[in-house]
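Accompanying notes for the structure given below.
Everything quoted here is computed from the prediction, not taken from an experiment. When a residue number appears, it is its place in the shown sequence, counting from 1. Whatever order the structure lists them in is the order used to number ligands and atoms, beginning at 1.
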Amino acid sequence: MKKILVTGATGQIGSELTMALRDRFGADNVLAAGHGRPPLSKLQQSGPYCSFDVRDASVLRQVVEDYQIDTIFHLASLLSAVGEEKPQLAWDINMNGLLNVLEAARVHGCAVFFPSSIGAFGPGTPAVDTPQDTIQRPATLYGITKVSGELLCDYYHRRFGVDTRGLRYPGLISNVALPGGGTTDYAVDIFYEAVKSGHYDCFLDADTQLDMMYMPDAIDAAIWLMTADGRKLRHRNAFNITAMSFTPRQLAAEIQKHLPGFTIGYRIDPVRQAIADSWPRHMDDSAARAEWGWRPRFGLPKMVEDMLEKIAVKLGKG
Ligand code: AKB
């Protein structure tokens, strides 16, 4: 990894991954590409930044050529809930964007990181200890693009030798950039409301259990996988990874240990509830542990402590 392009660099993962890559590989060697959402000033000022739509294949190819890119972290994508509102747009961005990235990678010899998701599973998948290799029949358009993306990445590896690697991320909890339009967003929103007003109305039911991960682990995992010895990877697209698994009720109880006055209510959104109900409760990530040594640093108590501290500072309540 000498010259890196991050698409979707202004999003929830991209804002932090870009900075971590700049720290590790040199600020000038990491080109951040956004579109739509304005970049945080730190991201824009700390290294090269450009704006383009990943659906524009010729601009993408030109950028890869001009910057002599050898690795692409392709994060630009619509999330699950917004994907149900705009299914045609989600297909267009998620699939045509990925195809353009894979084509640019094939022509210019780049490696590609692809973020898949627990959304790649569906109601027919075993929900507990979800195996690495199992039934993938998702019920959402987002999930369909994630399964298709996994298959397309594997195809480009097998057929054209492109070094494609991916992770099936669980819900991601972060304090730099907000997520936008996901089903697991409650696990971020709750912290802002806990600090701001002491109360949160959750759009998922109290006992909806889902896999989750704190952003520092998600960032480490992406870099870890992309720097792993490719000869040891039996799977490529994409590895199950998880760090914790909890319900809104359990998350609220952990927050109450720090903020005893915090209260939670439930105003269920049927669309997001149906999506969550179709996803695994807890994935088996033993393939990632065995093939490239994956292990998370943050469990629920440590994540909650760190999130509350960071959000309080961010909101001027620290
Ligand atoms: C979403 O909720 O859509 C994402 C995901 C789990 O892929 N956070």
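Checking only distances, Ser117 does come within under 3.5 Å of ligand 1, N or O to N or O. Of the polar atoms of Asp185, none of the N or O atoms is found under 3.5 Å from an N or O of ligand 1, judged by distance alone.
Salt-bridge formation is not detected for the pair Lys257/Glu305: no Lys NZ or Arg NE/NH1/NH2 atom is positioned less than 4.0 Å from an Asp or Glu carboxylate oxygen. No salt bridge links Asp185 with Arg272; every basic N to acidic carboxylate O contact stays at or beyond 4.0 Å.
Using a 3.5 Å distance cut-off with no hydrogens or angles, the side chains of Glu291 and His235 do pair a donor with an acceptor.
For the pair Lys196 and Tyr192, the cation does not sit on the ring face, since its NZ or CZ is not both under 6.0 Å from the ring centre and inside 45° of the axis.
Interface of Leu79 with ligand 1, defined as ligand atoms under 4.0 Å from a residue heavy atom, comprises 3 (O). Atoms of ligand 1 found under 4.0 Å from any heavy atom of Trp279, numbered from 1 in the order shown, are 1 (C), 2 (O), 3 (O), 6 (C). For ligand 1, the atoms lying closer than 4.0 Å to a non-hydrogen atom of Gly182 are 1 (C), 2 (O), 3 (O).
Distance from atom 2 (O) of ligand 1 to its nearest protein heavy atom, with residue and atom name: Thr183 N, 2.7 Å. The protein heavy atom nearest to atom 8 (N) of ligand 1 is Thr184 OG1, 2.9 Å. Of the protein's non-hydrogen atoms, the one nearest atom 3 (O) of ligand 1 is Ser80 OG, 2.6 Å.
With hydrogens and angles disregarded, a donor-acceptor distance shorter than 3.5 Å links the side chain of Thr125 to the backbone of Ile135. Remark: side-chain polar atoms of Asp70 are paired, donor with acceptor, to backbone N or O of Lys3 under 3.5 angstrom.
With a heavy-atom cut-off of 4.0 Å, Ile118 touches ligand 1 through its side chain alone.
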### Message
Between Ile4 and Phe25, is the side chain to side chain contact (heavy atoms under 4.5 Å, CB included) condition met? List the steps.
### Response
CA-CA 9 Å; Ile4 300 167; Phe25 298 98; 3.8 Å; yes
